[in-house]
Chemist: 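Got a structure for you, written out below as structure tokens; questions coming shortly.
For ligands, and for the atoms within them, numbers begin at 1 and follow the listed sequence. Along the sequence shown, the residues carry numbers beginning at 1. Because only heavy atoms are used, hydrogens play no part in the values below, and waters and symmetry mates are left out as well, while side chains stay in.
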Amino acid sequence: MTQSVRWIRNFVDGEFADPDGPGFPAVDPATGAEFARVHEADRELVHRAVTGARAALHNGWADTPVRERTALLRRAADRIEARFEEFVAAEVADTGKPVTQARELDVARAVANFRTFADLIAAAGQESFVTDLPGGAQALNYAVRKPLGVVAVIVPWNLPLLLLTWKVAPALGCGNAVVVKPSDQTPSTATLLAEVLAEVGLPAGVYNVVHGFGGDSAGQYLTEHPGIDGVTFTGSSATGTQVMRTVAPRVRPVSFELGGKNAAIVFGDADLDETLAGLTRSVFANTGQVCLCTERVYVQRSVFEDVAAGLVERARGLRLGDPSAERTNTGPLISPEHRRKVLDYLALAEEAGAETLTGGGIPELGPELDGGSWLEPTLWTGLTNKDRPVREEIFGPVAALIPFDTEDEAIALANDTEYGLASSVWTQDLRRGHRVAQAMHVGMSWVNTWFLRDLRSPFGGMGLSGIGREGGASSLHFYTEPTNVCVRL
Ligand SMILES: NC(=O)c1ccc[n+]([C@@H]2O[C@H](COP(=O)([O-])OP(=O)(O)OC[C@H]3O[C@@H](n4cnc5c(N)ncnc54)[C@H](O)[C@@H]3O)[C@@H](O)[C@H]2O)c1
Ligand SMILES: O=C/C=C/C=C(\O)C(=O)O
């Protein structure tokens, strides 16, 4: 008897939609096994999603009172909590990440994203000014913010639910309708979120999911659709360039969270244990597949050997294995193709004369897992800022350790990049911590910590790392259009 196939479905205009065709596989990166099929949205279904979203806006969603919208966001948070383990299982199946991380980061942040924006939107005021005119007259200037409209939401595969809800929560809370295009590699939680939003009463057409790929597929059909009022995109810088080119003719606003080549600077006075713990997270979290991850570690020469030895010890202590095991803290890369890309950088590093302090190969984890996209956590020395593995984003569990002597030299080395996303500075001299953190050409700079988040603060990067910011008022500004009214009194 043929085993029945489980399908991951599109969600359009309030209903699940199953276009004809073979679909594409949903694969568990930990084992390499296909566990479901995904219905691929065609151009017609994307068109239905965009036009249905527009209709939903005009059928009342855009005029829904703020308190109703924020109450719905809170219900969504509560419902995700009620179905927490379903979301964890879906995220682990798609990404192979450890169940402990999916619980503590990915799904927990989805709940926090909805609650944070419910609070922020409920409390948001409007800008207004009393304008003094010559002769004692006055005018009143006030801005009313209206929804941007139909927003294309395109997200990557590394933190699928976290990044999806980081966009959808403020977008819906501000009265927009969204058409979501998840990564083809991590389709599950976007569809599960569709169930939840329908359960909590979101009107049909306000949240839509179209599955597929980028170019010549759902991603491109969506961004080139004339019915889109804006695009919020998180992904690689190269794709960001393509998306920007696609929407340019219609001058649509874009919010871009793109790639990075993030640096850490470790000064000789840093607290060694705290720094090693922080760097182990910043280099190897999510198997190095976090946009904020550190791939360049600049260490003051006086402590270089101690930091290198300590990081090697911690890298070797990471526990790769069955994602469902509580002891596992490191998963696979997302796919064989991505692992091939990271392995190519390992080869480039060897050619450039790197010394591999630890890792550099494919671990043997036993027959259950050897079909997965596993890679040993890897650290190099012997590279410089001129080498491609130090200049280009790798997006894997690898980092180059490079010595420096002076503060000015460290700042120059860290800023020597076309990216500008994140950095971390490790020192017990907090005046130096503030000074160096502010000298970084990045959107986010941490001191003696990493990836510590206040969701009200601006998140994002500059240069090749993106356009605009998300979080707090930054999100509310992107997902609304202000009209300033001036009344002569
Ligand atoms: N700055 C951030 O906050 C942040 C967060 C996570 C990941 N990222 C970046 O994302 C990258 C890894 O994710 P990825 O491999 O999924 O990125 P990607 O750019 O390949 O894909 C991202 C999304 O865009 C879609 N897409 C691809 N081509 C498209 C096109 N022409 N038109 C419309 N959509 C298209 C993909 O299907 C996917 O859903 C890394 O570069 C990482 O740095 C950045
Ligand atoms: O991989 C990128 C991580 C992005 C994280 C956030 O957008 C966040 O913490 O809000």
Chemist: Residues around ligand 2, heavy atom under 4.0 Å from any ligand atom, sorted by chain and number. Can you pull those?
Modeler: R109, N158, L159, L162, L163, W166, V290, C291, F451, R453, F459
Chemist: So, T31 side chain and A33 main chain: donor-acceptor pair closer than 3.5 Å or not?
Modeler: yes
Chemist: So, does W380 use its side chain to make a donor-acceptor pair with the main chain of P389 at under 3.5 Å?
Modeler: no
Chemist: Which atoms of ligand 1 sit under 4.0 Å from any heavy atom of S236?
Modeler: 9 (C), 10 (O), 11 (C), 17 (O), 18 (P), 19 (O), 41 (O)
Chemist: For residues E376 and T378, report the shortest heavy-atom separation together with the two atoms involved.
Modeler: O-OG1, 2.8 Å
Chemist: Pick, from K181, K261, E224, the option with the minimum heavy-atom distance to atom 37 (O) of ligand 1.
Modeler: K181
Chemist: Give a yes or no on whether the backbone of Q185 and the side-chain of S183 come within a donor-acceptor separation of less than 3.5 Å.
Modeler: yes
Chemist: Does the residue F256 have a heavy-atom contact with ligand 1, meaning some pair of atoms that are separated by less than 4.0 Å?
Modeler: no
Chemist: Using a 4.0 Å cut-off to any heavy atom of I154, which atoms of ligand 1 qualify?
Modeler: 23 (C), 24 (O), 25 (C), 33 (C), 34 (N), 39 (O)
Chemist: Short question: side chain of R296, backbone of A400 - any donor-acceptor pair under 3.5 Å?
Modeler: no
Chemist: Going by the closest heavy atom to atom 10 (O) of ligand 1, which one wins out of G235, S183, A218?
Modeler: G235
Chemist: Report yes or no: does S237 contribute a side-chain atom to a donor-acceptor pair with the main-chain N or O of L464 at less than 3.5 Å?
Modeler: yes
Chemist: Quick one: does G215 get within less than 4.0 Å of ligand 1, heavy atoms only?
Modeler: yes
Chemist: Just by modelled atom types, is the L162 backbone N or O under 3.5 Å from a matching donor or acceptor in the N113 side chain?
Modeler: yes
Chemist: Enumerate the atoms of ligand 1 whose separation from the nearest heavy atom of D184 is less than 4.0 angstrom.
Modeler: 37 (O)
Chemist: State the atoms of ligand 1, each with its element, that fall below the 4.0 Å cut-off from a heavy-atom position in V155.
Modeler: 23 (C), 38 (C), 39 (O)
Chemist: May I ask you to list the atoms of ligand 1 that are less than 4.0 angstrom from any heavy atom of L163?
Modeler: 5 (C), 6 (C)
Chemist: Give a yes or no answer on whether the side chain of R388 reaches the backbone of L348 with a donor-acceptor pair at less than 3.5 Å.
Modeler: no
Chemist: Which option, V247, N262, T239, owns the non-hydrogen atom nearest atom 19 (O) of ligand 1?
Modeler: T239
Chemist: Looking at P182, which atoms of ligand 1 are within less than 4.0 Å of one of its heavy atoms?
Modeler: 39 (O)
Chemist: Going by the order shown, which atoms of ligand 1 are within less than 4.0 Å of some heavy atom of N158?
Modeler: 6 (C), 7 (C)
Chemist: Please work out which of the three classes, parallel, tilted or perpendicular, describes the rings of F24 and F213, given edges at 30° and 60°.
Modeler: tilted
Chemist: Pick, from L258, L464, L292, the option with the minimum heavy-atom distance to atom 44 (C) of ligand 1.
Modeler: L258
Chemist: Step by step, work out the side chain to side chain contact (heavy atoms under 4.5 Å, CB included) result for S423 and N262.
Modeler: CA-CA 5 Å; S423 65; N262 310 309; over 6 Å; no
Chemist: Could you tell me whether a side-chain N or O of T449 sits under 3.5 Å from a main-chain N or O of W446, the two making a donor and an acceptor?
Modeler: no
Chemist: Using a 4.0 Å cutoff against the non-hydrogen atoms of G214, which atoms of ligand 1 qualify?
Modeler: 26 (N), 27 (C), 28 (N), 29 (C), 30 (C), 35 (C), 37 (O)
Chemist: For ligand 1, indicate whether the residue Q242 contacts it via side chain, backbone, both or neither (heavy-atom separation under 4.0 Å).
Modeler: side chain
